[in-house]
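Here the structure is laid out as structure tokens; the discussion comes afterwards.
Residue numbers begin at 1 in each chain, while the letters A, B, ... track the order of the sequences.
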Amino acid sequence: MSQVVNTLNGLLAWELTSIDQYTAHSEQYADWGFNKLYERISHEADDERGHAKLLIERILYLEGKPDMESRHALPNADNVPEMLSADLDLERKNATALKAAIELCEQHKDFVTRDMLVGILKDTEEDHAYWLRQQLGLINRLGLERYLQAMM
Amino acid sequence: MRGNSTVLAALNKILTRKLTTINQFFLHARMHKNWGFEQLNNKVYKASIDEMKHADKIIERILLLDGLPNLQELGKLYIGEEPGEMLKLDDKLQTEDINHIRQAIAVCESEHDFVSRKMLAEILEQQEEHQDWLDTQCSLIDTIGLENYLQQQL
Ligand SMILES: [Fe+2]
Ligand SMILES: [Fe+2]
């Protein structure tokens, strides 16, 4: 079981990093006056908090100790397209880590943890990463100024 | 009720066009959605459903006339690669549909199938409404520019 717990703690670091990054980015958007981006990204931070909660609960259930300290590095992004790209990059790395963890759970026949992780992966792929990819596509199609105007 | 074979052929031809349009609109709607143009998705998806309802009416009418509705045929789809082009191609298809429905109405009139004629006239009215919307969109793109237009379609 401890290998699963270690892996879950590794995933927890991604979720905690996501909470930090989305909170920082959403507040930055609010400060710049892009309220629609603020709303979407602060909601994303809530989703990540939900993921973190699931992982913490599961680690405790497996009698492990949740690692609340570890984080991955935050990006150096200081404009909207860079911030969106950095968020997409984070989601992709998170998804890769989730897939590896799902495989591990399968090997250990921990199907309940596996199932929970698939749920988180679905949010990561279909909600977070997909939306971010759409925004970068829209910036290409509309031009940055028009995109930003629509995000006020 | 035995239907006139000329009328049945005309109705089946319109049915083929409807099936074609359903597919084109449906794919275009979801392409708009994939790029984040929710407003275009909603409008074009609804148009695709309307086409499906038209196809349903035509199928029921053909069956009532003891004919065989042909659902095997599908015309050529005009699939665009970007939203502006897709709207133009939808407009082109819709305009062709309208011409074909008018011809089918004339067939019904000359064969004295006034009930089929009435059904097609009702379909035609909805077609013209959607074509009017498509014309407006193409004209907006010309007037305000594609990027400004798309900005309003998120
Ligand atoms: Fe997450
Ligand atoms: Fe996420």
By a 4.5 Å heavy-atom criterion (distance strictly below it), what part of B:F37 contacts chain A: side chain, backbone, both, or neither? side chain
Residue pair B:G36 / A:Q134: nearest heavy atoms and the distance that separates them: N-NE2, 3.6 Å
Part of B:L154 within contact of chain A (heavy atom distance under 4.5 Å): side chain
So CG of A:L142 and CD of B:Q153: to nearest 0.5 Å the spacing works out to 10.5 Å
Heavy atoms from other residues, nucleotides or ligands near OH of A:Y61 exceed 12 (cutoff 6.0 Å): no
Determine, using the 4.5 Å side-chain heavy-atom cutoff (strictly less than), whether A:F34 and A:L132 are members of one ILVMFWY cluster. yes
Is the number of heavy atoms from other residues, nucleotides or ligands within 6.0 Å of CG (A:N76) greater than 12? no
Within 6.0 Å of OH in A:Y38, more than 12 heavy atoms from elsewhere: no
Check this for me: B:Q126, atom CD, are more than 12 non-hydrogen atoms of other residues, nucleotides or ligands nearer than 6.0 Å? yes
Report yes if the side chains of B:Q151 and A:Q149 come closer than 4.5 Å at any heavy-atom pair, otherwise no. yes
Part of B:Q152 within contact of chain A (heavy atom distance under 4.5 Å): neither
